[in-house]
Amino acid sequence: MDIERIHTPVMLERTLELLAPALEGDAAVMVDATLGMGGHTAAFLERFPKLTVIGLDRDTDALGIARERLAKFGDRARFVHTVYDGIVEAVRGEGFREVQGVLFDLGVSSLQLDRAERGFAYSKDAPLDMRMDVTSGRTAAEVIAEESEDELRRIFLDYGEEKLAARYARAIVRARADAPITRSGELVAIIQAATPVAIQRQGHPAKRVFQALRIEVNEELSVLERAMPAALDTIAVGGRIVVLAYQSLEDRIVKRSLAAASSSSAPAGLPMELPEHRPEFKLLVRGAELASEDEQAENPRAKPVRLRAAERVRRAS
């Protein structure tokens, strides 16, 4: 497998630029909370020769590839099999109290999309799995088989923002009464049959349903809700965080977390802000940054990305 060909890190130069001021010193430590196949981490270890990176991933396949790819960096590359809401335990387990940088590259990875047998892609027929960690948890097929029509509708609506959620949930429940739905191709056929022709012309009708199932299977939003404050808590004064989000539900959580961390805690009506109420973080980019047009043309997976970043300016006493 040609890793360099199938995995192009998104907004790599911009993440390097934003995190550089925190990583250029001696003995800096960074957490790559979504290690994947190690594309971002490899670039950081090359650029900053004194840097140590703790790479987290729940996907054992990705960890195996990253270990091989990053072996040349020796113990400057550390590997932890965990979901990223376990960031505090992972950092402490590697012997550190604080870190100078944190990177999140959220969503499904190139490896998961490109390996048909993982069941993430609606364009490839495969077993309906969708687990980022194949060693634990329910598969998408089990969600489809076990959840009620109302619950399926909620999942498609809340996690996929799918306007036809009720129609698709009803069609799935009808179909599974005749035979189990165990493959992505079967689910796609059910969704397509339930989609009005005019809507099919607007894009693949299964896209949002597959996103919703993936989020449900991997508990992505609840994990991110826990991970953001945990990650911020690990960052030393002068340290920085960069987050790449690929869909609006993730980006809202990131935006909300960074906004809270960079806001004053002073009660309304105080004549002046006391030092203890000053924000602990400052935002490094205005709003959310997009990938350049050139990068979007070169790497289609960069099209939906939204980048946000912040720096710790003080720690509450």
Quick one: does [X]'s side chain get under 4.5 Å of [Y]'s, heavy atoms only?
{"X": "Asn218", "Y": "Arg58", "answer": "yes"}
{"X": "Leu244", "Y": "Leu106", "answer": "no"}
{"X": "Met30", "Y": "Ile54", "answer": "no"}
{"X": "Leu128", "Y": "Val143", "answer": "no"}
{"X": "Tyr168", "Y": "Leu152", "answer": "no"}
{"X": "Val217", "Y": "Thr139", "answer": "no"}
{"X": "Glu220", "Y": "Met132", "answer": "yes"}

(message) Under the rule for side chain to side chain donor-acceptor pair (under 3.5 Å), what residues qualify as partners of Arg67, not counting sequence neighbours?
(response)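 Expected list: none.
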(message) Listing request: all salt bridge (Lys or Arg N to Asp or Glu O under 4.0 Å) pairs with a residue in residues 172-198, at least two apart in sequence or in separate chains.
(response)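 Output for this query lists Asp125-Arg183.
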(request) Name all pairs fulfilling the salt bridge (Lys or Arg N to Asp or Glu O under 4.0 Å) condition that reach into residues 78-87, sequence neighbours left out, sorted by first residue then second. (result)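 For residues 78-87, and leaving out neighbouring residues, the salt bridge (Lys or Arg N to Asp or Glu O under 4.0 Å) pairs sorted by first residue read Arg78-Glu94, Asp85-Arg226.
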Does either side chain, that of [X] or that of [Y], offer a donor lying less than 3.5 Å from an acceptor on the other one?
{"X": "Thr82", "Y": "Glu89", "result": "no"}
{"X": "Asp133", "Y": "Thr135", "result": "yes"}
{"X": "Thr41", "Y": "Asp32", "result": "yes"}
{"X": "Asp251", "Y": "Tyr246", "result": "no"}

(request) Report yes or no: does Arg97 contribute a side-chain atom to a donor-acceptor pair with the main-chain N or O of Arg92 at less than 3.5 Å? (result)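 Side chain of Arg97 to backbone of Arg92, a donor-acceptor pair under 3.5 Å: no, none is there.
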(message) Closer than 4.0 angstrom, basic N to acidic O: yes or no for Lys207 and Glu162?
(response)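 No, Lys207 and Glu162 are not salt-bridged.
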(request) List the atom of Ala66, the atom of Leu35, and the distance in Å for their closest heavy-atom pair. (result)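 Closest pair (atom of Ala66, atom of Leu35, distance): CB-CD2, 3.6 Å.
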(request) Could you list all the ring pair (Phe, Tyr, Trp, His ring centres under 6.0 Å) pairs where at least one residue sits in residues 52-100, not counting sequence neighbours? (result)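 Ring pair (Phe, Tyr, Trp, His ring centres under 6.0 Å) check on residues 52-100 returns Tyr84-Phe104.
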(message) Tell me every residue that passes side chain to side chain contact (heavy atoms under 4.5 Å, CB included) with Glu17, counting only those two or more places apart in sequence or in another chain.
(response)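 In terms of side chain to side chain contact (heavy atoms under 4.5 Å, CB included), with neighbours along the sequence ignored, Glu17 is linked to Arg14.
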(request) Tell me, please, which residues at least two apart from Arg76 pass salt bridge (Lys or Arg N to Asp or Glu O under 4.0 Å). (result)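 Per chain and number, Arg76 pairs via salt bridge (Lys or Arg N to Asp or Glu O under 4.0 Å) with no residue.
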(request) List the steps, then state whether salt bridge (Lys or Arg N to Asp or Glu O under 4.0 Å) holds for Arg315 with Glu98. (result) CA-CA 12 Å; Arg315 185 176 282 282; Glu98 296 181 318; 3.1 Å; yes
(message) Using the rule that Ile, Leu, Val, Met, Phe, Trp and Tyr join whenever any side-chain heavy atoms are under 4.5 Å apart, tell me whether Leu157 and Ile190 fall into a single cluster.
(response)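 No, separate clusters.
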